[in-house]
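Have a look at the structure below, then the notes.
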Amino acid sequence: MPVMEPDSPHLRGSLVVFEGIDGTGKSTQIQLLAQYLRARGLEVVTDFEPTRGKWGMKVRNAALSGERLSIEEEIDCLLQDRREHVRELIEPALERGAWVLLDRYYLSMMAYQGATGANVEEIRLMNEEFATIPDVAFWLDIPLEMAMERMNARGNGHDAFENEPFLQACHEIYSAMEMPWLHRIEADGTVQETQARIRELIREELGV
């Protein structure tokens, strides 16, 4: 795929998703990749899910209180949140040729709500009825002990999702995912080593 000219409206942008449990360094890697792409003259939009919208905040606030919503309500809120996100931000940005870099997408829903007991494949199908399929997704994988150490070092306390047995179940679901556009990245080295692996795959998969 040729490098896109930012002023070529007929060329669609690319959706790049970063996945993994908390503490894997997704935010840092997104910032570095955004710098790399912008240096090549590309428009880059960075965002995250759940969003700060009505539906996403309902899930976030419940988790921060330590009392999660019911699994049915979580799924409903996350689907509503993603529909708005796709409609209002993701698709318009892609249509004008921008690159969209997301910290979490529907693979997180498969992992986190799947670890709660929901059917993982049903969650995927519900999302792919309307959600844009990523061009590339990176699963940043580090040992669970390292992720827990990083979360503890933040000193902000844990939400209702951040306990070791639950995150281990999420990890197992991530490790079982098989999509041609999903790439596992060993992220337990330096920030620079992880970014180098990501950029190499971006060049291979998307030609930038």
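What you see below is based on every heavy atom in this structure, not just the backbone, and it leaves out hydrogens, waters and symmetry mates.
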Euclidean distance, [Y] [atom2] relative to [X] [atom1], rounded to 0.5 Å:
X: Ile30; Y: Arg104; atom1: CD1; atom2: CZ; result: 10.0 Å
X: Gln29; Y: Gln195; atom1: CD; atom2: CD; result: 5.0 Å
X: Asn119; Y: Met110; atom1: CG; atom2: CE; result: 9.5 Å
X: Asp141; Y: Glu19; atom1: CG; atom2: CD; result: 12.5 Å
X: Arg96; Y: Leu11; atom1: CZ; atom2: CG; result: 14.5 Å
X: Leu140; Y: Ile21; atom1: CG; atom2: CD1; result: 10.5 Å

Is [Y] close to [X] at the side-chain level, that is, under 4.5 Å between some pair of heavy atoms?
X: Val16; Y: Trp99; answer: yes
X: Ile185; Y: Leu201; answer: yes
X: Glu95; Y: Glu91; answer: yes
X: Leu94; Y: Leu15; answer: yes
X: Leu37; Y: Leu101; answer: yes
X: Arg203; Y: Val208; answer: no
X: Leu167; Y: Glu164; answer: no
X: Ser14; Y: Val100; answer: no

Mind checking what makes side-chain hydrogen bond (donor to acceptor under 3.5 Å, both in side chains) contact with [X], not counting sequence neighbours?
X: Asn127; value: Arg82
X: Glu122; value: none
X: Tyr105; value: none
X: Thr28; value: none

Check Val17, Ile202, Thr194 against Phe138 for a side chain to side chain contact (heavy atoms under 4.5 Å, CB included) and give me the one that passes.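 That would be Ile202.
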Residues that Glu72 engages under side chain to side chain contact (heavy atoms under 4.5 Å, CB included), provided they are two or more places apart: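 Partners of Glu72 under the side chain to side chain contact (heavy atoms under 4.5 Å, CB included) test: Ser70.
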All side chain to side chain contact (heavy atoms under 4.5 Å, CB included) counterparts of Thr190, not counting sequence neighbours: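 With sequence neighbours excluded, Thr190 shows a side chain to side chain contact (heavy atoms under 4.5 Å, CB included) to Gln192, Glu193, given in chain and number order.
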Side-chain heavy atoms under 4.5 angstrom apart, residues restricted to Ile, Leu, Val, Met, Phe, Trp, Tyr: same cluster for [X] and [Y]?
X: Leu69; Y: Phe166; answer: yes
X: Val86; Y: Met126; answer: yes
X: Trp55; Y: Ile123; answer: no
X: Leu33; Y: Val136; answer: yes
X: Phe48; Y: Ile90; answer: no

Could you walk me through whether Gln31 and Lys26 pass the side chain to side chain contact (heavy atoms under 4.5 Å, CB included) test, one step at a time? CA-CA 9 Å; Gln31 291 171 7; Lys26 298 186 302 301; over 6 Å; no
Within residues 107-119 or reaching into it, pairs that qualify as salt bridge (charged side-chain N to carboxylate O under 4.0 Å, His left out) - sequence neighbours excluded: none
Write out all pairs satisfying salt bridge (charged side-chain N to carboxylate O under 4.0 Å, His left out) with one or both partners inside residues 124-134, taking only residues at least two apart or from two chains.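 For residues 124-134: Arg124-Glu128.
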Transitive ILVMFWY cluster of Met146 at side-chain heavy atoms under 4.5 Å: who else is in it?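 Ile142, all in the cluster of Met146.
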Working note: Arg83 + Leu78, criterion side chain to side chain contact (heavy atoms under 4.5 Å, CB included); need CA distance, chi angles, decisive distance, verdict. CA-CA 9 Å; Arg83 285 182 190 277; Leu78 291 169; over 6 Å; no
Please tabulate, for the side chains in residues 176-183, all donor-acceptor contacts under 3.5 angstrom to protein atoms that are two or more places apart in sequence or on a different chain.
none

Both conditions, 6.0 Å and 45 degrees, for the charged tip of Arg40 above the ring of Tyr36: are they met here?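 Yes - Arg40 lies over the ring of Tyr36, closer than 6.0 Å to its centre and within 45° of its axis.
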Could you report the tightest heavy-atom contact between [X] and [Y], atom names first, then the distance?
X: Asp135; Y: Gly13; answer: OD2-O, 4.1 Å
X: Ala93; Y: Val45; answer: CB-CG2, 4.2 Å
X: Ala115; Y: Ala169; answer: CB-CB, 3.8 Å
X: Asp188; Y: Pro143; answer: CB-CD, 3.8 Å
X: Asp22; Y: Ala147; answer: O-CB, 3.5 Å
X: Ala118; Y: Ile75; answer: CB-CD1, 3.9 Å

Applying side chain to side chain contact (heavy atoms under 4.5 Å, CB included), run through Glu74 and Lys58 and close with a yes or a no. CA-CA 9 Å; Glu74 270 187 1; Lys58 188 172 181 179; over 6 Å; no
Those residues at least two apart in sequence (or on a different chain) that pass ring pair (Phe, Tyr, Trp, His ring centres under 6.0 Å) with Tyr174 are Trp139
Among all residues two or more places apart in sequence or in another chain, which pass the ring pair (Phe, Tyr, Trp, His ring centres under 6.0 Å) test with Tyr106?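 With sequence neighbours excluded, Tyr106 shows a ring pair (Phe, Tyr, Trp, His ring centres under 6.0 Å) to no residue whatsoever.
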Do Ser108 and Glu49 pair up side chain to side chain, a donor and an acceptor below 3.5 Å, judged on atom types alone? no
Would you please say whether a donor-acceptor pair under 3.5 Å links the side chains of Tyr112 and Arg68?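 No pair is found: no donor N or O on one side chain lies under 3.5 Å from an acceptor on the other.
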Steps toward side chain to side chain contact (heavy atoms under 4.5 Å, CB included) verdict (Leu144, His171): CA-CA 8 Å; Leu144 182 56; His171 182 277; over 6 Å; no
Do any N or O atoms from the side chain of Asp81 and from the backbone of Thr51 form a donor-acceptor pair under 3.5 angstrom?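 Flag set: sc Asp81 to bb Thr51 pair under 3.5 Å.
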Ignoring hydrogens and angles, tell me if any N or O in the side chain of Arg150 forms a donor-acceptor pair with the backbone of Glu145 under 3.5 Å. no
